[in-house]
Amino acid sequence: MKKVLFALLVVISALGASGCEDDPDLPFPKTKEYPQIYTNVTAGNAFKLTEVQGTGNAAARFDIQVQGGNANEVEAIQVYRQFVGFNVPAGTTAPALGVGGPTVLLRTVPPTSGTIELTIDEVIQGLTRATGATQAGARTALTRASLRTGEGFRFTYALLLKDGTRIEYNPTFLNAPFSGIVTIQ
């Protein structure tokens with residue numbers, strides 16, 4: 001009886017051992033690493049209120065740095081913009097700065113580090129501002145005349161890969177590293 005049990009144990013062990021594979025992805029699945037986009041905005045790169053509310057073509061700029069990952073898999077970088085503006089909360093007279101309204105595509109750029117130069121007319125096109133007590137309330141089209149000192153524009157990014165995949169960077173903070181705000185001074 002001992003020999004039968006021993007033989008049965010040997011057979012079960014042999015079958016179980018042959019079913020095991022050495023999987024190099026365990027305990028984690030395969031991952032791909034894509035480039036990250038960092039924003040560099042300096043105070044000197046802001047819009048000037050006198051130029052914004054004037055008749056000239058107010059301009060600003062900021063730099064992006066593309067680092068890490070395999071940039072050969074990236075077709076382009078989409079640059080998005082969103083208005084960061086004041087509204088007056090109910091029960092107060094003090095304006096509060098908040099982010100709201102649509103996030104709109106500004107332009108598509110090559111997947112390399114560089115400078116993004118923009119004009120105020122290009123940036124405000126398609127953006128809105130809050131007209132009520134909250135950023136979630138009614139909105140009206142943004143105009144050059146309606147802009148105030150301290151307001152600005154938040155820029156975020158998405159990667160377009162050569163296989164058609166789109167990877168959106170959703171920063172949890174209003175500013176760096178994966179987004180940046182160009183202000184009006």
Distance, nearest 0.5 Å, that separates CG of L105 from OG1 of T156: 10.0 Å

Residues pairing under side-chain hydrogen bond (donor to acceptor under 3.5 Å, both in side chains) where one sits in residues 54-64, two or more places apart or in two chains, turn out to be D63-T115

Any sub-3.5 Å donor-acceptor pair from R144's side-chain atoms to V52's backbone N or O? yes

Could you tell me if T165 and D163 have a donor-acceptor pair between their side chains, going purely by distance under 3.5 Å? yes

Cluster link L142 to V104, ILVMFWY, side chain under 4.5 Å: yes

If the condition is ring pair (Phe, Tyr, Trp, His ring centres under 6.0 Å), which residues does Y80 pass it with, not counting sequence neighbours? none

Got a sec, which residues hit salt bridge (charged side-chain N to carboxylate O under 4.0 Å, His left out) with E122, two or more places apart in sequence or on another chain? R107

Should V109 and L160 be counted in the same cluster of Ile, Leu, Val, Met, Phe, Trp and Tyr side chains packed under 4.5 Å apart? no

Taken in chain and number order and not counting sequence neighbours, the residues that satisfy salt bridge (charged side-chain N to carboxylate O under 4.0 Å, His left out) with E168 are R166

Side chain R154, main chain T103, donor-acceptor under 3.5 Å: no

All N/O donor-acceptor pairs, side-chain side in residues 64-77, below 3.5 Å, sequence neighbours left out:
| from | atom 1 | to | atom 2 | distance (Å) |
| --- | --- | --- | --- | --- |
| N70 | OD1 | N72 | N | 3.0 |
| N70 | ND2 | E73 | OE2 | 3.2 |

Rounded distance [0.5 Å steps], CD1 in I167 versus CD in Q78: 12.0 Å

Any sub-3.5 Å donor-acceptor pair from R129's side-chain atoms to S146's backbone N or O? yes

Here the ring-ring contact (aromatic ring centres under 6.0 Å, His included) pairs for residues 51-72, sequence neighbours left out, are F62-F155

For the CD1 atom of I37 and the OG1 atom of T39, what is their distance to the nearest 0.5 Å? 8.0 Å

Compare all side-chain heavy atoms of F47 with those of L147 and state whether any distance is below 4.5 angstrom. no

Just verifying a value: how many Å separate I120 CD1 and Q125 CD, rounded to the nearest 0.5 Å? 12.0 Å

F153 vs F83 aromatic rings, parallel, tilted or perpendicular, using cut-offs 30° and 60°? tilted

Say you draw a straight line from NZ of K48 to OG1 of T183; how long is it, rounded to the nearest 0.5 Å? 8.0 Å

Looking at CD of E51 and OG1 of T119, how far apart are the two atoms once the value is rounded to the nearest 0.5 Å? 12.0 Å

For A60 versus A46, what's the shortest heavy-atom pair and its separation? CB-C, 4.1 Å

